[in-house]
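The next block holds one structure in the form of structure tokens; read it before the comments.
If you're wondering where the values come from, they're calculated on a predicted model, not measured in any experiment. Numbers restart at 1 for each chain; the letters A, B, ... are given by sequence-line order, proteins then strands.
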Amino acid sequence: MTDVFRDRIDIALTVNGEPVEARVPAGQHLVDFLRGELGLTGAHASCEHGVCGACTVRVDGQAVRGCLMLAVQADRTEVWTVEGLSDSAAIRDLQDAFVARNALQCGFCTPGMLVSAQELLEADGVPSREEIREHLSGNYCRCTGYEAIVDAVETVARARAGKGAA
Amino acid sequence: MTIRFDNPDRPNSYIGKTVPRPNAARLVQGRGQYVDDVVLPRLVHVAFVRSPLAHARIAAIDTAEAARVKGVVRVFTGEELAAVCTPWVAVLAHLKGLKSPPQYPLAVGRATWVGEPVVAVVATSRLAAEEGANMVDVDYEPLPAVTDMMTALDAGTPVLHEEMGDNLAFRRLHEQGDVDAAFAAAHTVVEAHFTTARHTGVTPEPRSILVDWNPAEGQMTAWHATQAPHMIQTVLAQHLDIPEGRVRVICGDVGGSYGIKVHVYPDEVATAAIAKILGRPVKFIADRLESFNTDIHARDHEIVARLAVDEEGRILAMDVDDWTAIGSYSVYPRTSAIEGNQVVNLCGGPYDFANYRARTSVVFQNKVPTCQYRAVGHPIAVAVTEGLVDMAAARLGMDPVEIRRRNMYRDNAYPVTSPAMMRFEGLSHHASMNRLMELMDYDGLRAEQAALRAKGIYRGIGIASFIELTNPSPFMYGIGGARISAQDGCTVRMDPDGSIVALSGVTEQGQGTEAMLSQVVAEGVGVSPDRVRVITGDTQVTPYGGGTWASRGAGIGGEAALQSARALRHSILEVAGAMLQADPSGLDIRAGQVVDTASGEARMPLEELGRIVYFRGDTLPKGLPRELVQTRHFITSDYPFAFTNGVQASWLEVDTETGVVKLLKHWCVEDCGRVINPLLVDEQIRGGIVQGLGGALYEEIHYDGEGQLLNGSMADYLVPMAAEMPDMVIGHVETPTMESMLGAKGAGEAGTAGSPAAVMNAINDALRPLGAEVTAMPFTPERILRALRVIGN
Amino acid sequence: MKASAGGYARAADVRHALDLLSASGGMGRILAGGQSLVAAMNMRLSEGDMLIDISRIAALAGVEEQGDRLRIGALTRHAAIGRDPLVRRHAPLLADAVAHIAHSAIRNRGTIGGALAHADPAAEFPACVLALDATMHLESLEGSRDVAADDFFQDVFETAIAEGEILTAVSMPRALPGERQVIREVARRSGDYALAGICLVRRGDTHRVSAFSVGPRPMLAPGAMAALDAGDIDAAVEALQGEIDPASDTQASADYRGHLAGVLLRRAVAGLQGEAE
């Protein structure tokens with residue numbers, strides 16, 4: 001009966017609004033699948049043990065670690081990466097705020113940071129700086145020292161709430 | 001030919017303004033291209049078998065099973081790669097006595113640290129390469145490991161490299177004045193033992209290289225996450241026996257460097273060697289676990305230092321004994337003696353005193369090699385100096401700001417040569433301190449601190465003045481024989497549509513080099529920055545240059561760009577003068593238009609000039625020079641280095657029951673000369689501060705006595721994250737260097753240089769009423785409680 | 001760091017999962033949220049696993065009242081526990097604990113059953129269910145059985161789950177009116193595993209205390225509990241020191257962890273007062 005365990009599995013999902021069918025190795029994590037099979041190189045593999053957040057993508061509306069979810073577990077889910085969120089303009093205000101505030105330097109953490117920030121911004125209310133820092137505390141950035149990122153997210157939170165710039 | 005930087009209303013006044021980074025929009029959309037994003041036909045991947053022992057003889061290697069793993073293409077041992085790649089020896093002539101044995105891309109005969117590459121397995125996927133690596137059987141015979149720094153030179157300690165004679169890689173003693181007499185006569189002497197922990201850079205993008213060898217063309221192309229493409233070009237050419245002109249290094253987007261990616265790593269050279277053997281593209285992306293045991297480490301120092309002051313708090317003498325352990329090899333080609341050397345050069349930096357002695361002892365041990373990492377040596381020297389100054393102030397009952405004001409070089413004292421024989425062209429310690437006092441409301445904070453202390457809340461204020469070495473000349477590496485360019489170049493051209501292309505030898509690692517170049521070139525030519533396209537990071541395209549290190553991009557690369565842009569402007573105006581039958585000296589270029597200088601009247605858009613030059617050259621006078629391209633190189637020559645200065649302050653609270661430190665706020669006032677882009681400079685400072693805060697509070701590589709690395713993951717090696725980091729107030733004083741038209745010095749390392757000392761002094765300020773003091777970084781909750789004697793030693 | 005799984009099968013229901021487990025030849029590994037398991041696989045700490053993915057078994061997720069008990073399905077995610085009104089009302093310790101567990105993206109995927117079965121001695125949920133006097137519900141092909149939290153956690157990453165068993169739910173008595181539940185911990189950084197942590201539940205006049213990251217498993221502290229029942233905090237702290245078994249690692253020594261546990265117990269007790277309704 002061990003033949004019910006498959007080392008390659010067929011999956012069907014939507015990625016950035018487009019249907020995708022693929023056969024994936026059992027142990028392959030989602031971010032390797034997105035990058036290697038679909039050419040979506042916006043999310044990055046950095047620590048591959050769930051600490052740095054560079055691989056963060058949206059699965060069924062929630063921010064998840066792309067390195068801690070197997071590709072096969074994304075079967076029948078809706079996945080959004082920074083590429084799709086850019087094309088759909090869903091986070092354009094956040095991206096513009098990051099650019100204006102120089103809330104990125106090398107840019108390697110940025111796609112994951114944006115996905116995490118967007119999740120916070122979709123929640124009710126305008127988060128405080130402490131809440132922004134706490135929410136982003138699972139996304140490692142070595143370049144900025146975080147303050148510019150917090151500023152950019154705070155600016156967007158206030159703008160979306162109709163309260164103007166910070 | 002000068003620019004009136006003091007006039008903000010001057011035409012094309014882009015230098016000094018915040019302009020957007022041209023590459024930022026791409027990166028926020030996930031459209032960057034890092035090395036791992038590059039895929040080529042016939043691509044194979046390499047994984048390395050790494051030594052599990054700190055020191056072992058490699059008795060036998062059996063690769064037969066690995067070769068049978070599905071997807072494995074080839075397996076290479078050290079001997080096989082040594083046949084096509086010559087070893088390197090990381091010494092520099094001006095670091096007298098520095099020694100290090102030859103190093104190969106893969107260990108040959110003996111492994112000397114846990115993580116040293118021993119066997120390379122090439123496969124059609126990284127997974128298959130890792131599976132293959134797991135199947136390689138290496139027979140290691142353990143050898144005694146050298147792991148303790150302070151006993152490395154003892155007679156009873158084994159010699160790591162027998163042919164070197166002993167474990168001393170380098171030693172330098174510098175002595176100026178009569179140190180012993182000054183100490184003997186001093187009113188007060190303070191002494192302390194400082195420790196700075198072993199760090200590593202934890203670049204978000206791990207080290208990455210993709211190398212292709214085209215045997216039909218005899219051409220090697222390396223896509224490399226590097227700070228110094230031309231240096232790597234030279235190294236690959238030399239050691240793989242390829243003409244230098246046949247090696248092309250392309251450096252696209254780089255996911256963070258901080259000094260980690262400016263060195264030659266054996267596994268990366270191995271990747272290139274393998275590509276040359278296989279004649280197909282080979283990719284190596286270090287995974288995070290290999291990053292910890294192969295990326296260079298740094299800052300592993302123990303220092304005993306003394307400071308002598310008179311009753312007025314004037315510094316009479318300083319005496320520093322610095323020890324550092326660099327792992328098993330000096331790292332090529334910059335060497336691993338520079339950090340200790342910097343400690344000798346930088347201690348006491350802000351202060352005007354006469355008697356100075358400093359010695360650094362650099363020893364080998366069986367750990368990851370250490371080398372230059374952001375703010376090389378600065379955080380150590382600043383912590384030692386500022387820690388002692390605060391201790392002296394406390395002993396004299398003097399305010400820490402006051403003792404600094406009594407000792408810092410006067411702002412009109414320059415040029416001056418320090419007791420470490422560093423030459424300062426122009427610094428602003430007092431103006432910077434004054435600005436800091438305003439920004440932080442020092443007196444108000446002291447009052448708040450006193451009020452809270454009465455309630456049992458222990459907050460501290462820590463001040464740290466510092467100097468930072470930037471804009472290095474060949475005195476840093478070139479004079480020692482390393483083919484590392486201190487000079488940099490820029491080619492600027494105008495295309496037919498009137499747009500400008502700038503090709504520069506400095507590189508973009510995220511700090512904003514391309515934005516900085518775009519605005520310098522824009523102002524230099526007379527166009528808006530969005531009309532300037534900057535190209536960096538391709539040795540086949542850009543002028544030869546040094547790349548990114550020692551905070552040189554703006555000061556050296558920026559000056560080359562400004563000079564070449566001004567030269568292009570001159571060329572354009574020569575042509576315009578002929579077309580308009582006007583004296584070029586009466587013409588200017590503003591916002592992309594040739595104008596009359598006096599009236600500002602538009603005479604011709606650059607695209608019209610471009611159209612005529614490129615397509616209707618027949619209408620121009622015969623013999624008119626019409627090259628709309630200029631190249632200039634720049635090198636500093638009056639001073640070996642352009643020193644900057646600054647002062648930082650930390651405000652924090654210590655929980656005396658748990659030992660936890662909460663950072664409340666941080667300030668930095670620094671003087672990097674001309675500020676080209678205020679936003680980019682501020683964010684360099686902030687990012688640098690936080691990198692230093694990591695060292696102050698969290699970062700520490702742990703080894704056991706056998707040389708096993710104990711915390712080689714991001715769960716165990718703690719880096720600063722958003723929740724614990726403070727907001728930071730940044731201020732500037734501008735003292736431009738007179739060496740260049742631009743006047744810019746470096747800003748990339750100031751934050752990292754000063755923040756650990758500021759935090760240390762703040763913690764000790766908070767703990768002083770309790771009689772506790774910490775000097776061993778990182779200042780973990782446990783170390784603080786031990787200092788408080790809440791838990792025993 | 002590329003994981004090598006032996007195979008994968010997705011379970012349609014608990015019975016299917018048990019069948020798969022039985023068929024896996026001892027190589028079966030239950031994959032729920034995957035937030036610890038996939039990391040371990042990536043790091044090749046676990047190789048060749050036959051993964052039995054239970055994450056789509058809807059019946060295993062959710063929170064419900066069952067008489068005077070609260071039952072939480074094993075697949076209930078950390079984030080869901082953090083915002084669930086029943087948990088907030090009847091087991092607020094768990095809701096408060098969520099904020100300490102890793103980071104948002106991890107909490108979106110991680111499940112309480114996974115955390116309990118993984119039994120990391122530094123994790124919050126195991127200590128919480130110990131303090132809450134909870135019961136673990138296990139199923140196997142032979143049937144179901146309940147294990148008290150006191151008996152469930154055995155050693156580092158070791159629980160009472162037997163070969164062929166799956167943890168399906170955890171249940172605990174609903175908080176009584178006036179009951180206080182407090183968690184206190186110190187971590188180096190937000191979301192890190194605690195250097196030490198304390199869970200304290202006061203129900204009527206009785207106390208339950210559990211400590212985490214100070215032993216090979218979450219530690220119940222009966223001596224400290226008795227002292228608190230007697231109203232003697234100093235004695236409770238002293239008793240606690242004898243009931244924990246902290247280890248040293250690169251983050252902190254055993255001495256520090258032991259001291260910290262005492263500080264946190266005092267703070268938890270203060271929290272009982274400070275937060276009284």
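- A 4.5 Å side-chain heavy-atom check between A:C67 and C:N42 finds at least one atom pair inside the cut-off.
- Note on C:R107, C:R189, C:K2: by heavy-atom pairs under 4.5 Å with chain A, the leading option is C:K2.
- More than 12 heavy-atom neighbours from other residues, nucleotides or ligands sit within 6.0 angstrom of CZ on C:R145.
- Most heavy-atom pairs under 4.5 Å with chain A, from the set C:A79, C:A39, C:G33, C:A40: that is C:A39.
- A heavy-atom distance below 4.5 Å is not found between the side chains of A:V64 and C:I106.
- Counting heavy atoms from C-beta outward, A:V4 and C:D19 have side chains that stay 4.5 Å or more apart.
- Counting heavy-atom neighbours within 6.0 Å of A:R92 CZ, excluding the residue itself, gives a total of 12 or less.
- The parts of A:D75 that come within reach of chain C are both its backbone and its side chain, each placing non-hydrogen atoms under 4.5 angstrom from that chain.
- For the pair C:H103 and A:H135, the minimum side-chain heavy-atom distance is 4.5 Å or more.
- Test A:R65, A:E119, A:R58 against C:N108 for side-chain hydrogen bond (donor to acceptor under 3.5 Å, both in side chains) and you get one pass: A:E119.
- Using a distance-only test at 3.5 Å, with no hydrogens or angles considered, a donor-acceptor pair links the side chain of C:Q35 to the main chain of A:L68.
- Counting heavy-atom pairs closer than 4.5 Å to chain A, the top-ranked of the candidates C:S190, C:G34, C:A102 is C:S190.
- Proximity to chain C involves both the backbone and the side chain of A:S137, based on heavy atoms less than 4.5 angstrom apart.
- Between A:M69 and C:V38 there is no side-chain heavy-atom pair separated by less than 4.5 Å.
- Side-chain contact between A:F5 and C:L51 is absent, with no heavy-atom pair separated by less than 4.5 Å.
- Rounding to the nearest 0.5 Å gives a distance of 5.0 Å between CE of C:M41 and CG of A:L70.
- Both the backbone and the side chain of C:M1 come within contact range of chain A, judged by heavy atoms closer than 4.5 Å.
- A donor-acceptor pair is defined here as one N or O able to donate and one able to accept, closer than 3.5 Å; such a pair exists between the side chain of C:R56 and the backbone of A:Q73.
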